[in-house]
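A quick write-up on the structure given underneath.
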Amino acid sequence: MIRIYNTLTRKKEEFKPLEEGKVKMYVCGLTVQDRPHIGHIRASITADILKRYFEYSGFDVTLITNFTDIDDKLIEKEKETGEDFRSIARRIIDEYFENADKLNIKRADFFPEATKHIQEIQELVSRLIEKGFAYVSGGNVYYDVSKFSGYGKLSGKKLEDLRVGARVEPDETKRNPVDFVVWKGAKPGEPWWESPWGRGRPGWHIECSAMSMHYLGETFDIHGGGADLMFPHHENEIAQSEGATGKPFARYWVHNGRLNLSGEKMSKSIGNVVLISDILKTYKPDVVRLYLLSTHYRSPLEYYEDRLKEQEGGYERLRQVLFLISQTEGEEGELNKETIDKFKEAMDDDFNTPKALSAIYSYTKDIFETMKKGPDTKWILSAKKTLKEMLSVLGLFESEEDHEKKDDDLIDLLLTIRSDIREKKLYELSDKIRDGLKKLNIEIEDTDEGSRWKRE
RNA sequence: GGCGGUAUAGCCAAGUGGCUAAGGCGACGGUCUGCAAAACCGUUAUUCACCGGUUCGAGUCCGGUUGCCGCCUCCA
């Protein structure tokens, strides 16, 4: 039984799908105006873990992740750089995929883009106008927040408080300052689509309502995204969707905690972002994954490079144990039930990856200890199966080392020769090889079973 | 100002009333090894921000105080 924290009820709840054995899930992806950073990746990894664990638990998962490829910032960017907004969007989407693939993030089933769903968006806007939830004013269409009684149920905000705060853009054409735009009229020089309300573009929140319902139905299981999207984005999505359909929208809302940069909020507007492509220049994808999974997805996470570095120790330990058990060949072993149960218990409890990792590390210790005692092939084959299964649910250590095979063969050859030299006790020579390789960032380890090497 | 989150060792981080407070990183000492690395063994929180309360029993529940963070404006 999987329990999941639902922002809507502020409680952990047993997950019961709408349709037996299926999970329909929508996660807000990027607004593709700026290059993907580690915060985006935290959200993607969170979605990835949910998808993987649901699938592991026997569910058939449909995951939709959108790209918002038209918005004010993107238009601004186009004006600044002269580059067409479509081209900017394309470039950033490509960069996202390039990095997400390296990180072994499973692809969603669809990646809808706002500009390719203008029709669905306009249909939704029309529906809202017909039902009296939206009104046309000054070339824009606004959502009338006062018409939706459930407004604020996700974020816990009250309309009165929002009015008092009144940090909403003053706009004479709105009936109420908290009303938000669902269709925005185009100013001269801005991109536009033809609509019954004049030339314009979708508001920011509407595309997620339109696309999620288009792909998953009017009611679906899980809606996710970063905690910063809770308000206003997700609150507005609920208002739009439930206003239009009169049915419940997403049943479980899942929000991952923010990732802050060295104690400061990481944000495009401050400009203090850490690009994922920069991180991956220095750190292995699995190290980044370990870093993100070592904190529960809902907790806030401070980004310090040292903490990424810390994970290299754990990464190395897991790599060692995997190397060690890979030396034992044989038929597929049986799962170690006790360990798997511990792992599942952690994951069942709102995807508690730090706890799941601790089960993996404890088991790693068991493996080293057992192997120290002497060969127990059956046990080791079981450990191999068990460890790999757990790691693969977390998306770790799945990609084969993508280094050049030729180089590897060459190093292996050098090591074979070095073993002969060592047998003749010509240590000066063998150390020379070791030192030389070290300068090439290749480190040799001599063990009872022979020598092995790794890249630094 | 309103709303929400969080406070556990040098660092990260589990802990959802009850055996001696998981796990990782780091550090130190030891075993093994030609040396090194890895691994192994041991040490590293009498105590969970603080003050009260409930209870036979609280890091865990309740009230209060303080600190930090986020949202309320574009943001994963």
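Heavy atoms only: backbone and side chains are in, while hydrogens, waters and symmetry mates are out. Just so we're on the same page: letters track the sequence lines, and every chain starts at 1.
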Using both distances under 3.5 Å as the test, list the Watson-Crick or G-U wobble partner of rA27(B), or none.
-> rU43(B)
Qualifying residues under side chain to side chain contact (heavy atoms under 4.5 Å, CB included), relative to A108(A), sequence neighbours excluded = L63(A), T65(A), F111(A)
Measure from NE2 on H255(A) to C1' on rG4(B) and round the result to the nearest Å.
-> 12 Å
What pairs of donor and acceptor atoms, side-chain ones from residues 436-443 of chain A against any protein atom, are under 3.5 angstrom apart with sequence neighbours left out?
residue: K438(A); atom: NZ; partner: E443(A); partner atom: OE2; Å: 3.3

Find the distance F343(A):CZ to rG24(B):C1' and express it as a whole number of Å.
-> 16 Å
Rounding to the closest angstrom, what is the interatomic distance between rC68(B) and rA27(B) at atom C1'?
-> 28 Å
Pair assignment for rC61(B), Watson-Crick or G-U wobble, requiring both distances under 3.5 Å = rG53(B)
Taking the same atom, P, in rG70(B) and in rG59(B), what whole-Å distance lies between them?
-> 30 Å
Which parts of residues 421-444 of chain A get close to RNA chain B, meaning a heavy atom less than 4.0 angstrom away?
-> R422(A), Y427(A), D431(A), R434(A), I444(A)
Which salt bridge (charged side-chain N to carboxylate O under 4.0 Å, His left out) pairs, counting each pair once, include a residue from residues 4-14 of chain A, with sequence neighbours left out?
-> K12(A)-D349(A)
Can you tell me, in whole Å, how much space there is between the C1' of rA38(B) and that of rA45(B)?
-> 29 Å
Can you name the side chain to side chain contact (heavy atoms under 4.5 Å, CB included) partners of D94(A), sequence neighbours left out?
-> R90(A)
Under 4.0 Å protein heavy-atom contacts per nucleotide of nucleotides 38-45 of chain B, with B for base, S for backbone only and - for none | SBSS----
Which residues pass the side-chain hydrogen bond (donor to acceptor under 3.5 Å, both in side chains) test with D228(A), sequence neighbours left out?
-> R258(A)
Want to settle it: does S155(A) or R42(A) sit nearer the 5' end of RNA chain B, counting the closest nucleotide to each?
-> S155(A)
Counterpart residues, side chain to side chain contact (heavy atoms under 4.5 Å, CB included), relative to A250(A) (two or more places apart) = F220(A), H223(A), W253(A)
Taking only residues two or more places apart in sequence or in another chain, which ones pass side chain to side chain contact (heavy atoms under 4.5 Å, CB included) with E98(A)?
-> K102(A)
Checking N1-N3 plus N6-O4 or O6-N4 for Watson-Crick, or N1-O2 and O6-N3 for wobble, each under 3.5 Å, the partner of rU6(B) is rG67(B)
Give a yes-or-no answer on whether the side chains of Y96(A) and S44(A) include a donor-acceptor pair shorter than 3.5 Å.
-> yes
Among rG23(B), rC72(B), rG70(B), the one nearest any side-chain atom of K157(A) is rC72(B)
N256(A) atom CG is separated from rC69(B) atom C1', nearest whole Å, by 16 Å
With heavy atoms under 4.0 Å as the rule, sort D72(A) into base, sugar-phosphate or nothing.
-> nothing
Residue list, side-chain hydrogen bond (donor to acceptor under 3.5 Å, both in side chains) with R317(A), at least two apart or on another chain | none
Contact string for nucleotides 6-13 of chain B, one letter per nucleotide 5' to 3', B = base within protein heavy-atom range under 4.0 Å, S = sugar-phosphate only, - = neither, reads -----BSS
Ignoring hydrogens and angles, write down the donor-acceptor pairs under 3.5 Å from the side chains of residues 356-364 of chain A, residues two or more places apart or on other chains.
residue: S358(A); atom: OG; partner: K355(A); partner atom: O; Å: 3.4
residue: S362(A); atom: OG; partner: S358(A); partner atom: O; Å: 2.9
residue: T364(A); atom: OG1; partner: I360(A); partner atom: O; Å: 2.9

